[in-house]
2 protein chains.
Amino acid sequence: MTATRKGRRSAALSRERIVEAAVELLDSGGESALTFRVLTERLATGPGAIYWHVANKDELLAVATDGVVADALAVGSEQSPAGPEDELRAVALGLYEAIAAHPWLGGQLSRQFTRNGPVVPRIYESIGRRVRALGVPEATWFVTTSVLVHYVLGAAGQNAANSASARTSADGANRADFLDAVSTAWEELDPDEYSFARAIAGQMRDHDDREQFLAGIDLVLAGLRLS
Amino acid sequence: MTATRKGRRSAALSRERIVEAAVELLDSGGESALTFRVLTERLATGPGAIYWHVANKDELLAVATDGVVADALAVGSEQSPAGPEDELRAVALGLYEAIAAHPWLGGQLSRQFTRNGPVVPRIYESIGRRVRALGVPEATWFVTTSVLVHYVLGAAGQNAANSASARTSADGANRADFLDAVSTAWEELDPDEYSFARAIAGQMRDHDDREQFLAGIDLVLAGLRLS
DNA sequence: ACCTGAACACCGTTCAAGT
DNA sequence: ACCTGAACACCGTTCAAGT
């Protein structure tokens, strides 16, 4: 793992090796940890060499994002379980786990929605195929898939953000401590203005990530059966 | 409007004036348009003066985000319509319109989920109050509100991203042209790998933003009635 | 074709100094 | 208490020059 960190590089530079190193940096320190300065150091090269393989930082981030998502979705579709509902849950959970493992994915994915890249249709395809298999009317394919996609990415991103900020927090807190801090903050809000936020603060503290996440999927599935 | 753009500043500096100028810059050119360099120029001052009123750029962005969202939600709750369902639609649409008017809000809001700031409980409160009023069981308050919040922010952000990138696109395209380009790109994807994405490309091109957005809300509301 | 590395035009932020 | 503005330590990106 430390083999390429110092001294001359062992293998020729390639787009793949650059993306691989970028993902490592993103995983270890979030979006701000990926700079061309430390990237060139890690790869024992100069900035010009990287720009030979990659157009700019935006493209590098897009390729890294698409690669991680493609892997996550590929794993999800290997095991083809019982029916389309279970498949849908598996795909959603696969995305969830990927974002949990790479917290920077959350923000990056929401940025990719601006662009016309490959990752957005990839995600719509994975979720949408299962929506179609559930037999919902074609006229509602776009809406239902959109609801699912946005919920999956939003909820996963929020949870990943929690664990990410917990990881880098100064007070050495873990995820539970961070959730506890947020929950406590919500409980101390003004009782008149924030009666609801205060009421769910406890649920937020104690909730099991995956369980709640899947409960949300099931809620949408229930609504889907009626449309 | 151009009064404060050049020459000496007319009024004393204040947190409010700084935030106001920041929002103007964000609205006009997106997140990258907000720099301390042009901010000091607009306010006819030096960077040190801004740092006297505001801790750093992160705080400035957080305050700007919270301000715009607070305004949007205040407008939404003024008119208290028929029942909680209509109120929910009004609040959701209010957020939707705010993000459409300030496209940078989308990305900024997803970033605020990492932090323990005031904007996230504010949004949960507005949506959650109506969820509670619908009479759903307390045990599911957190999940149902989460589904709604993530869908609202995700869908609004995606649409805003569309119009935002359309606005700044080189080929002078408007929103319809941008959607058309994306739709065409999806139609040209591999038929085997992307059968679903190709199938909904047409719906994406022709869809009415608000109509589709509200259809998504209704889908969740339908699922909510069953839980 | 692929890589080097100095240089450019920018950032956010700090801080001694002024009023 | 509030503001000035030079300076610092960084960015992403370019490009003439090498192999």
Side-chain angles (χ1 to χ4, degrees), chain A residues 4-26 28-65 104 107-108 111-112 114-115 168 170, chain B residues 4-26 28-65 104 107-108 111-112 114-115 168 170:
Chain A
T4 58
R5 292 221 187 138
K6 41 175 71 179
R8 289 287 78 185
R9 70 167 163 275
S10 43
L13 212 52
S14 69
R15 201 173 220 257
E16 290 71 34
R17 290 201 60 237
I18 293 170
V19 173
E20 187 190 324
V23 170
E24 278 179 31
L25 289 173
L26 289 164
S28 69
E31 197 178 331
S32 67
L34 176 61
T35 72
F36 276 75
R37 294 286 190 298
V38 343
L39 197 56
T40 56
E41 199 183 337
R42 276 269 188 121
L43 295 169
T45 182
I50 294 177
Y51 277 90
W52 175 260
H53 295 278
V54 149
N56 51 38
K57 194 178 180 178
D58 269 7
E59 186 185 289
L60 180 54
L61 279 165
V63 174
T65 299
W104 51 275
Q108 210 48 45
R111 210 153 303 148
Q112 292 303 319
T114 326
R115 321 225 155 79
T168 56
Chain B
T4 58
R5 292 222 187 137
K6 40 177 70 180
R8 290 286 78 185
R9 69 167 164 277
S10 43
L13 212 53
S14 69
R15 200 173 221 257
E16 291 70 35
R17 290 201 60 235
I18 294 170
V19 172
E20 187 190 324
V23 170
E24 277 179 34
L25 289 173
L26 289 164
S28 69
E31 198 179 329
S32 67
L34 175 62
T35 73
F36 276 76
R37 293 289 192 295
V38 343
L39 198 55
T40 57
E41 199 183 338
R42 276 270 187 120
L43 295 169
T45 181
I50 294 177
Y51 277 91
W52 175 261
H53 294 278
V54 148
N56 51 38
K57 194 179 180 179
D58 269 7
E59 185 185 290
L60 181 54
L61 280 165
V63 174
T65 300
W104 51 274
Q108 209 49 44
R111 210 152 304 147
Q112 292 304 320
T114 325
R115 319 220 158 82
T168 57

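Quick note: numbers below take in every heavy atom, side chains included, and nothing from hydrogens, waters or symmetry partners. Below, chain A is the first sequence line, B the second, and so on; all start at residue 1.
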**OP:** List the protein contact pattern of nucleotides 12-19 of chain D with one symbol per nucleotide (5' to 3'): B for base contact, S for sugar-phosphate-only contact, - for none; contact means a heavy-atom distance under 4.0 Å.
**Re:** BBBB----
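Straight-line distance from the CD atom of E41(A) to the C1' atom of dT4(C): 16 Å, rounded to whole Å. Nucleotide dC11(D) holds its P atom 15 Å from the CG atom of L60(A), rounded to whole Å. If you take CD of E31(A) and P of dC11(D), they are 14 Å apart, rounded to a whole angstrom. Atom CZ in R17(A) sits roughly 14 Å away from atom C1' in dC3(C) (whole-Å rounding). One can place CD1 of I50(B) at 13 Å from C1' of dG5(D), the figure rounded to the nearest angstrom.
Contact check on R42(B) versus E20(B) returns no salt bridge, with no Lys/Arg side-chain nitrogen under 4.0 Å from an Asp/Glu carboxylate oxygen. Using a 4.0 Å cut-off between charged side-chain N and carboxylate O, E31(A) and K57(A) make no salt bridge.
A sub-4.0 Å separation between OP1 or OP2 of dC3(C) and a side-chain N or O of W52(A) is absent. In terms of phosphate contacts, H53(A) brings no side-chain nitrogen or oxygen within less than 4.0 Å of OP1 or OP2 of dA1(C).
Comparing the C1' positions of dC11(D) and dC8(C) gives a spacing of 12 Å, expressed to the nearest Å. Across the C1' atoms, dA16(C) and dC3(D) are found 13 Å apart, a figure rounded to whole Å.
Within the 4.5 Å cutoff, the side chain of N56(B) has no heavy atoms near those of the F36(B) side chain. Looking at V63(B) and I18(B), their side chains never come closer than 4.5 Å, going by heavy atoms from C-beta outward. The shortest side-chain heavy-atom distance between R115(B) and D58(B) falls under the 4.5 Å cut-off. A heavy-atom distance below 4.5 Å is not found between the side chains of L26(B) and Q108(B).
Taking each heavy atom of L13(B) and A49(B) in turn, the nearest pair found is CD2-CB, 3.6 Å. When all heavy atoms of E59(B) and V54(B) are compared, the pair lying nearest together is OE2-CA, 3.9 Å. In terms of heavy-atom proximity, S32(A) sits nearest to G29(A) at OG-O, 4.0 Å.
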Original post:
Which string of ( ) [ ] | and . matches DNA chain C, if you list each base 5' to 3' and count Watson-Crick or G-U pairs only when both distances are under 3.5 Å?
Top reply: ||.|||||...|||||.||
